[in-house]
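What you see is a predicted model; the values in this text were computed from it and never measured.
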Amino acid sequence: MRRTALLAAAAALAVTGVVAPATVAAAKPPPGSESAIRSLADDPAQRAAAAADQAVASGLDDLRVSPNETYRRTAVTPGGGMYYVTYERAYKGLPIVGGDAVVVTDAGGRVRDTEAASGALPLGVPTSPAVSAETATETAKTVLSRVDDTAAPRLVVLAWGAKPRLAWEALVSGIAEGKPSIQHVFVDAATGEIADSYDQVKAGTGNGYYYGTVTINTSGSGSSYSMTDSTRSGLRCGGQNGSAYTGADDSWGNGGGTNLETACVDALYGVQREWDMLRDWLGRNGINGSGGGFPARVGLNDVNAYWNGSYTNFGHSQDNARQATPIDVVAHEFGHAVFQTTPGGAGSGNENGGLNEATGDIFGSLTEAYANNPNDPPDYQVGEEVNLVGDGPIRYMYNPSLVGDPNCYSSSIPRTEVHSAAGPLNHWFYLLAEGSSPGGGKPSSPICSGGPSSVSGVGIQKAGKIYLGALQRKTSTWKYVNVRTASLAAAVELYGASSAECAATKAAWNAVGVPAQSGEASCSSSGSDFSLSLSPTSGTVTPGQSATATVATSTTSGSAQTVSLSASGLPSGATASFSPSSVTSGGSSMLTIATGASTPSGTYTVTVTGSGSSGTHTASYTLTVSGGSGGRTFTNGTNYTINDLTTITSPITSTATGTAASPVQLSITISHTCAEDLRIRLQGPNGTWYTVKSSGGSSCTSFGTRTYSVPVTQTAAGTWTLEVRDQYTYDTGYLDSWSITL
């Protein structure tokens, strides 16, 4: 219920600049209920989310955090048979910029990989600023030559850089170096100095020419039509006011290089081919991965084109004879949108920016190849058709040095201008797709010093799948070495460790000078793997009792390996032990879950993880604790996302006998920055609703954990439902847990 209006042109960017827009995972039924079991069995996305949540809760691999930090799941995105589950992190309730993470699972709910932008924060990071928000905003304005608008800054912990620091993240828009700019500026909250910044406007250039008569998807009927794609959500094209062009018929443009309606024909044709390429070749649902896209604008009075976080904008050639709206320019700019809406968002710094620019070029080349239009055959050149400033192509992916960009990775890349810093990644993609000597009229590509003698390509579609698989592992601190490890993991995931695709991915990185990394996926022929199962898979105890299960393993391929065992998701006061703690695959171990006298009643999903040399596998055990706290306190610890203007409900089934003791006692934990947005009600087993908390207020406070006494006239047994309604916009959060004492 924020009362300060954000700048209108970039209100959404205040959020999406830090965390990529995503479809938040749907709320899950209470663990252990029949509907929960059916949901997990029927919905692989739910299985993926559950497995990833357990991995995060157990601090698997790089996901370990300090006691002051919490993760929040933001999205579950399918792709290539895998699920990529993304998380934000907070420190004492403050967002951590650079604290994002990704957990990769398969459709069976097995964790395959984890990526974290940063490790656990040290204890003692301050949370009280010495610099005011107003001062931080004034400092942030200095990065622009002209300031048009600002938004209220937010307090964050900035994990980018040598050490974490408390900072104000301010959003300022205007002009920088004569170009449109929307800057995220991080001002050190202790010293008032600028700690970091990044520009959300990603300028780019590419080919621009006209494709003649083409079919594009529009909307309308009769005598009223619009250049709005009715089949692809979010896609439309128009002028600088943001509105789609309209007309009395469904015939658009005149083929002229200066006609803006014609420019929109090219723009829609290009982005619609990119949308189809993402679907047909890479298995991605829309530009943003969840079935959505973004508008395009034409008529920008500049020799340029850019993506600003909300829409693409296209200018003209220097001689003003053509608009910059052909396939690879259009797909390049929407490629920035793909980069921003994969995990980790837009990131910061020249090296990360270079990866962003190369991503645009990669999606431009993929779309150009998919369209295969005879007017613009696929060529891995950027800007050859529009001849933007009269010098021919802007970049050559197969040999970036032809225009002075680096072919090879070096320690100078972090200080290199972003379009030039794209060189090694563009070079790698060409080598992976086509090889160093592809023949057939395709240009040869050089190999950097110390690289292999040659590289064999795997084809552009496979190269695109591998790169998108890497993007799905991206974090906000991505650098070239991270792309190497992520792409190798994706190649193994898609094609196997012994595949030619894995070998080519590694050879291409060696050919552009990006060094091997400790722990990166191995391209080998071992193919060893194992499975993990539990018997039984559930049990019921009272506080102080123990439950047991046999953990069985087997070798599913290759050679036997040592499997280490661990458990996560235990209720408070409970411990898990294994006898033995590790086995050779094919062996078994006894799991013992011991509860304590204070362990609260409820149903819990305990995840048993087996870690071997080939990866990890998990199995779930449903633990029901009955009769805790005299059998009168019950808890639902499932996270439910609270979005703007939506209602969520969280049920608890009570087995307590007799009449509920009035007033019943509620303890509610909600992560939400504006408690005044929330209306909370309680429904008893007989259907009667009781108001717990009303919404409203003139300012915002964090919710945290709050207790309430609610007078009721009810029997204790049955389903009690907590309803949380977010009545306003701009602040979102999640219900972490709640309990009721009857």
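Nearest approach of V157 to L121, heavy atoms of both residues: CG1-CD1, 3.7 Å. Annotation for R415 and N350: closest pair C-ND2, 3.9 Å, computed over non-hydrogen atoms. G99 and S118 get closest at one heavy-atom pair: CA-OG, 3.9 Å.
Note on ring orientation: taking the six-membered ring where Trp is involved, the planes of Y467 and F429 are perpendicular (angle over 60°, cut-offs 30° and 60°).
The salt bridge (Lys or Arg N to Asp or Glu O under 4.0 Å) with E69 is formed by just one residue from the set K92, R64, R89; it is R89.
Between H184 and Y198, the gap from one ring centroid to the other is short of 6.0 Å. When ring centroids are compared, Y409 and Y480 come within the 6.0 Å threshold.
Listed by chain and number, the residues in a salt bridge (charged side-chain N to carboxylate O under 4.0 Å, His left out) with D62 amount to none (sequence neighbours excluded). In terms of the salt bridge (charged side-chain N to carboxylate O under 4.0 Å, His left out) criterion, residue partners of K141 (sequence neighbours excluded) are, by chain and number, E138. For R284, the salt bridge (charged side-chain N to carboxylate O under 4.0 Å, His left out) criterion is met by no residue, not counting sequence neighbours.
Within the 3.5 Å criterion, the main-chain N or O of D113 finds no donor-acceptor partner in the side chain of E115.
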Exercise answer: donor-acceptor pairs, residues 483-494 side-chain atoms, under 3.5 Å, sequence neighbours excluded:
{"from": "R484", "atom 1": "NE", "to": "E520", "atom 2": "OE1", "distance (Å)": "2.9"}
{"from": "R484", "atom 1": "NH1", "to": "N510", "atom 2": "OD1", "distance (Å)": "2.8"}
{"from": "R484", "atom 1": "NH1", "to": "V514", "atom 2": "O", "distance (Å)": "2.7"}
{"from": "R484", "atom 1": "NH2", "to": "N510", "atom 2": "OD1", "distance (Å)": "3.3"}
{"from": "R484", "atom 1": "NH2", "to": "E520", "atom 2": "OE2", "distance (Å)": "3.1"}
{"from": "T485", "atom 1": "OG1", "to": "N482", "atom 2": "O", "distance (Å)": "3.0"}
{"from": "S487", "atom 1": "OG", "to": "V483", "atom 2": "O", "distance (Å)": "2.9"}
{"from": "S487", "atom 1": "OG", "to": "R484", "atom 2": "O", "distance (Å)": "3.0"}
{"from": "S487", "atom 1": "OG", "to": "W509", "atom 2": "NE1", "distance (Å)": "2.7"}
{"from": "E493", "atom 1": "OE1", "to": "R473", "atom 2": "NH1", "distance (Å)": "3.4"}
{"from": "E493", "atom 1": "OE1", "to": "R473", "atom 2": "NH2", "distance (Å)": "2.5"}
{"from": "E493", "atom 1": "OE2", "to": "Y84", "atom 2": "OH", "distance (Å)": "2.7"}

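Residue pairs meeting the ring pair (Phe, Tyr, Trp, His ring centres under 6.0 Å) criterion with at least one member in residues 137-156: none, sequence neighbours excluded. For residues 134-172, the ring pair (Phe, Tyr, Trp, His ring centres under 6.0 Å) pairs, not counting sequence neighbours, are W160-F186.
Annotation: side chain of Q46 is not in contact with side chain of P44 (no heavy-atom distance under 4.5 Å).
In the model, T732 has no side-chain atom that pairs as donor or acceptor with a side-chain atom of N643 under 3.5 Å.
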